[in-house]
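Single-structure report; data block below.
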Amino acid sequence: MEPSRNYPLFGGAFSSILPAGAIDVSDLRPVPDNQEVFCHPVTDQSLIVELLELQAHVRGEAAARYHFEDVGGVQGARAVQVESVQPLNLENLALRGYCQEAWVLSGKQQVAKENQQVAKDVTLNQALLRLPQYQTDLLLTFNQPPPDNRSSLGPGNLSPPPWNLGDFEQLVTSLTLHDPNIFGPQ
């Protein structure tokens, strides 16, 4: 099984440690330039790193909630429910020198997949890293749809196990900025 690996993001401007088996979705379909999207090879789990415009009108916990609700609106969620919002200790982040505040949010959104009518409760864990000197909100999202009964995650299967919160935490804490020019002239 392929181990976790440090992976270049946004053309090498950032890097982060991705969990074993992560597939770069841009190899499968178009992905917006401000996103890096990775999917699990067997489950419907995904990890998303987004560079977003700083939403200076919201601060603190409200900023994390704003982005969670915004993602729900973009995905056409029928219901959004925030379960918890906690500050993230900046000392644990590779981006600690750039990040002014950081939040982690856990919640559920009721979302129907493309071309499907039935909405499912998807668990979302999000980390919001705020970089006001670059007018940027970095949003990292771990999507965990309910398990699909078709997937074969039995003991004889050589596929990587489903990702967990530890994998997401490693993505968030290892995110490193290598080239500030990604944000344009300062």
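Note that the numbering runs from 1 along the sequence shown for the chain.
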Minimum-distance pair of heavy atoms, taken over all atoms of F68 and Q109 =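 For F68 versus Q109, the nearest heavy atoms are O-NE2, 2.9 Å.
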
Any idea which heavy atoms bring L105 and A64 closest together, and the distance?
->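 In this case the closest contact between L105 and A64 is CD1-O, 3.7 Å.
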
Please identify each residue that fulfils ring-ring contact (aromatic ring centres under 6.0 Å, His included) with Y98, with sequence neighbours left out.
->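 Partners of Y98 by the ring-ring contact (aromatic ring centres under 6.0 Å, His included) criterion come out as none, since no residue qualifies.
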
How about T136 and L54: do any of their side-chain heavy atoms sit closer than 4.5 Å?
->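 No - every pair of side-chain heavy atoms lies 4.5 Å or more apart.
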
Return a table of donor-acceptor pairs under 3.5 angstrom between the side chains of residues 84-97 and protein atoms on other chains or two or more places apart.
residue, atom, partner, partner atom, Å
N89, OD1, E91, N, 3.0
R96, NH1, E91, O, 3.3
R96, NH1, L93, O, 2.6

With no hydrogens and no angle check, is any side-chain donor or acceptor of H40 less than 3.5 Å from a backbone partner on L47?
->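 Side chain of H40 to backbone of L47: no pair is present.
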
Donor-acceptor pair, side chain of D121 and main chain of K108, under 3.5 angstrom |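 No, the answer is negative, given that no donor and acceptor are paired below the 3.5 Å cut-off.
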
State which residues pass side-chain contact (heavy atoms from CB on, under 4.5 Å) with P41; sequence neighbours excluded, sorted by chain then number.
->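 Applying side-chain contact (heavy atoms from CB on, under 4.5 Å) to P41 gives I23, P160.
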
Please report, to 0.1 Å, the donor-acceptor pairs under 3.5 Å made by any side chain of residues 28-38, with sequence neighbours excluded.
residue, atom, partner, partner atom, Å
N34, ND2, L51, O, 3.1
Q35, NE2, E50, OE1, 3.1
E36, OE2, F10, N, 2.6

Whichever hydrophobic residues join Y66 through chains of side-chain contacts under 4.5 Å =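 Besides Y66, the hydrophobic cluster comprises V58, listed by chain and residue number.
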
By side chain to side chain donor-acceptor pair (under 3.5 Å) - contacts of N181 (at least two apart) |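 Counting only residues at least two positions away or on another chain, N181 forms a side chain to side chain donor-acceptor pair (under 3.5 Å) with D179.
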
Residue pairs passing the side-chain hydrogen bond (donor to acceptor under 3.5 Å, both in side chains) test where at least one lies in residues 160-176, sequence neighbours excluded =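 Qualifying pairs, neighbours excluded: S16-S174.
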
Sequence-distant partners of E101, salt bridge (Lys or Arg N to Asp or Glu O under 4.0 Å), two or more places apart |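 Checked E101 against salt bridge (Lys or Arg N to Asp or Glu O under 4.0 Å); matches are R130.
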
So which pairs with a foot in residues 52-63 pass salt bridge (charged side-chain N to carboxylate O under 4.0 Å, His left out), sequence neighbours left out?
->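 As it turns out, the salt bridge (charged side-chain N to carboxylate O under 4.0 Å, His left out) pairs with a partner in residues 52-63, which skip direct neighbours, are E61-R65.
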
